[in-house]
Each structure stands twice: as C-alpha cells, then as structure tokens.
Protein chains: 2
Amino acid sequence: MSIAKVLYVEDEPFLAQIVSDGLRSSGYEVSHVADGQIALQYFINERPDICILDIMLPMKDGYTLAKDIRKINSSTPLIFLSAKTLTEDVIKGFKSGGNDYLRKPFSIDELLIRMESLLNRFPKQANDHPEQKQLVYEFGNCRLDTVHQLLKTISGEYPVSFKETSLLEMMLLHKNQVLERQTILLKIWGDDSYYNTRSMDVFLTRLRKLLKDEPAIQIMNIRGIGYKLICS
Amino acid sequence: MSIAKVLYVEDEPFLAQIVSDGLRSSGYEVSHVADGQIALQYFINERPDICILDIMLPMKDGYTLAKDIRKINSSTPLIFLSAKTLTEDVIKGFKSGGNDYLRKPFSIDELLIRMESLLNRFPKQANDHPEQKQLVYEFGNCRLDTVHQLLKTISGEYPVSFKETSLLEMMLLHKNQVLERQTILLKIWGDDSYYNTRSMDVFLTRLRKLLKDEPAIQIMNIRGIGYKLICS
DNA sequence: TTTACGATTTAACTCTATTTAACTGAGTTT
DNA sequence: AAACTCAGTTAAATAGAGTTAAATCGTAAA
C-alpha cells in the first residue's frame, strides 16, 4: 500500500501536535482537525485510510462523528482515543462503529501498532513480493546457479550448500566492492557472534578452494573490515 | 452467525472459570485449555472462530502459540490477555499475529465487545468454505490429482496416499519458495514433535523417488529451515 | 470377530551441512 | 621485536536430514 492518509480529530492542541508528529515521522500523511463538525467534511473530501477520533470534541462528540462516518462508509478503520476509562464508554465506542479504543494516556508506539493492525500492514512473509532476484550468476569462467545450488568452474560442476550459495551470491552482488564481514554475518547468520565468524571463515576457505583454479577470481580480505571479490 | 466457538488459553484456574462463565452466558461456546502445547492441538481439531490467549503459559508462551497458529491459519482473530502492561509487550503481541491486546485486569464486558468487533471484522469464512482450492496441479511433466490421489509422471500414473498428496500439494502451493518444515508439520501433522519430523522425512523420500525421473523437478532442502520445490 | 492390507509411524542406521575447537600465520601496535 | 588481534586452515564434533526396513495402526473384507 502507498502512504496511508490519517484523519486525526483532537481538540487539545498540545497532544494533537505530539501525535501528529509521531504519525508523520512513521510515514503517515496526517490531516488534523479540531472540530467534529468539520471532521466529517474532511472525511468526505479526503477519503482517509484510517481515522483517529477523540471523544470529547466541540460541536459534535466522537461517538456521533463515528456514527456519521459509518453512514457514509462502513469499512474505514476508526480508533477512539479517550480519557474516559469506564468500560461503558469503551462499549459505546465500539457500538458507534469504532474498531479500537485507546485510553489516554497512551503510547505513540501502541497507537502505531494498533493502526498497522487495522490497516493489515504486517509483512506476511518474505513471499509477499517474490522479489525478482537474479537466479544465475556468470563470473569469470564460472557460473553459480542459485536455484539448483550448483557451481560450475573450469574444472567441473559442484553442488554447493545453501550457506555456500548465499555467501557467494552475496559477494557476487557486491563484486569488486568491499563487503563488510558484519553485513554478511547479519544477513546470512542472523547475528555476528564469535562462533559465527569462525564458521564463516570455514565457508570462505571452501569457496576459495572451489575457485582456486580460476586465477582471475579471488576473495580478498580487507583486514578489520571485510572482503572484496575480485572478478570480471 | 451461528454460535461462535472460542478457544481460551489461560493457566490461572480462578480467572479461567470467571471468564469462561462470562463468555458462555453471552452465548459463546468455550473450550478452555491451560497449556500452550495442548492449545495448538485444540486449535487444529476444534477450528474455533476466535482465540483468547494469555501470554504467560506453561510449555509454550502466548506469543509462540500465536505464531504457530498463524502458520496454520492466517485469519482467525486472536486476542491477547496479559498482566504485562509495557508497550513493548503489546507490540510483541501484535507482531506475533495478535489482533488485540487487553491488559489485566480487564472487564468481561470490554472483552466481549472487542471479541464482537473482531468477529464482525473477520466474518467467519476461511474455515467454513475451505476456499475453492485447486484440485489438479500440473507441474513440469507431472500432474497431481488431489481428488483421486493420483500422481502422473513421465513414467506412469501412481496412486498416492493422503499424506503424500497433502505434502506434495503444500509444496506445489509454495513452489519455488522456501517452505518451513515447521509450517508443514503443523499443518499436516498437527504438531512438530520429533517422530513427526522423522515421519515426514520418510514421505519426502517417497515423493523424491516418485519424481526422480523428472530432472527439472527437485525437492531441495535448506538445512535448518525447510524445503524448496523447484519446478516450472 | 478375525484377518488382511495399505497407510503411517517408529527405529536403527547413514550421511552431510554446519559449528566448534585447536592450531597456524599474517598484519598492527607498542 | 614482542605482544596482540584478526584471519585462515584443518580436523573433530554435532545436529539436521535421508534411507530403509520393521512395527503398528486403522479399516474394510471375510
């Protein structure tokens, strides 16, 4: 989804400023309105993706506003923010069409996560965007097939393990550039603890051994920083 | 909607009794379980319409349980109930697949209205209509008929068992993507205990044997993670 | 109810990717 | 040059995965 538009209705200017800033710095486009009457106009004109409503408002209270919005649109998520803590107020909030109800004071982070939840913005899996990554790499006289995990060199074709494939692929994506050790570790191993660095060394040895017959290809170490894969 | 089934996971007996009674007197059908490990079994067998999970549980905590449930089913609403009040716990709850998070102590009425809200937002469906799933899959030179449980390969047509069919079908639904072992186990076997993984290995061997004459089709292992079915 | 059979699980064993360990060497700092 | 840190090599240990066969389970026919 592109940038989500938020309609935020709140009459207390100080809080409104803090929350608006918080939302904006998380990438939302925020329209702030202080009055319930005007808010409905905004809703109609701006078609926000989500609304955040205070309950106590001048002219038209939050419950009424929510009901009015629901007459026009039944699906846009509505979150109530209120200092009213009684259960019956919460129930009134849901009955008037709200989808969530946060008691003041609340944390911005909690508001954000609840908004995301209502907007279904959780990255389901990496599967969502089957990113069009390259499957086969040619370099020097070699070829790495990341699908079948095969490395063809001048001296033959060898099956390589998943980690070997990942490591070589990562270097190929940065060939002739410096690639930091830590970057590799974090990406492939998930953390850069001592034993994982030792483990990576072992894999480097294996890759170097596989590529030893290709004089034009070298994995160079840059001490204290990382590696550079030299190849055409 | 007919009577909604609730799976309620809570290890504190006194609270569990109160909440269960409250839900029942509001017309819900409640299954109460005190243990996270067993809860997953219940989920698979009972197919509840909504789940209410405590966070602190013996055997398997609420977050982990939620993640496991999400591997099997992505739409059933999940509500966390917890004495943990920190924002970061709330965020963890949503990140692990929860749809709402209520801090203890909470009022039964608030729980009820939030349940109702979620049940309206995710109208019963996924479970009732096991969405028009594909019955026959074509891949490479093969064809899997899930109705008659027949696998046609280049070398003939073979009857396959229910588990073989399910396993292959699941891989086909994720072909050329990484599919986690645990996801398969939870979905097909219902739990990921040791012997089930061994059993799955046996089925993989059988599938690989059946598909061995199709060089373009391979079930590749990604150690520590899962499998990838390579095919067109 | 018993038997027979196929489906699935359990068991025992093998193989292999990855990690751990121990040691060696190379570049840096003092 | 001594001391130190980082990196490379090799081998052993571990844990994940694969294979095969035997045991068990469940169901339908006898």
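Proteins come first, then strands; the chains are lettered A, B, ... in the order of their sequence lines, and each starts at number 1. For the numbers below, each heavy atom of this structure counts, side chains included, while hydrogens, waters and symmetry mates do not.
The nearest whole Å value for the distance from the CG atom in B/N196 to the P atom in D/dG16 is 16 Å. Rounded to whole angstrom, the span from the CD atom of A/Q149 across to the P atom of D/dA17 amounts to 13 Å. Per the geometry, OH belonging to A/Y194 stands 9 Å off C1' belonging to C/dT20, to the nearest Å. A straight line from CG of A/L211 to C1' of D/dG8 spans 16 Å, rounded to a whole angstrom.
Phosphate contact (OP1/OP2 of D/dT19, side-chain N/O of B/R206, threshold under 4.0 Å): absent. The phosphate of C/dT19 has OP1 or OP2 within less than 4.0 Å of a side-chain N or O from A/W189. For the OP1/OP2 pair of C/dA22 and a distance below 4.0 Å, the side-chain nitrogens and oxygens of A/Y195 include no atom meeting the criterion.
The two residues B/M220 and B/R208 make their nearest non-hydrogen contact at C-NH2, 4.5 Å.
Between the side chains of B/S107 and B/D109, no donor N or O sits under 3.5 Å from an acceptor N or O.
Of the residues in residues 152-166 of chain A, not one places a heavy atom less than 4.0 Å from an atom of DNA chain D.
Within the 4.0 angstrom heavy-atom criterion, no nucleotide atom of any strand lies near B/I188.
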Give me, pair by pair, the N or O atoms of the protein and of nucleotides 20-25 of chain D that are less than 3.5 Å apart, along with how far apart they are.
from	atom 1	to	atom 2	distance (Å)
D/dT20	OP2	B/K209	NZ	3.1

Tabulated below should be each protein N or O lying under 3.5 Å from an N or O of nucleotides 2-5 of chain D; please produce it.
from	atom 1	to	atom 2	distance (Å)
D/dT5	O2	A/R223	NH2	2.6

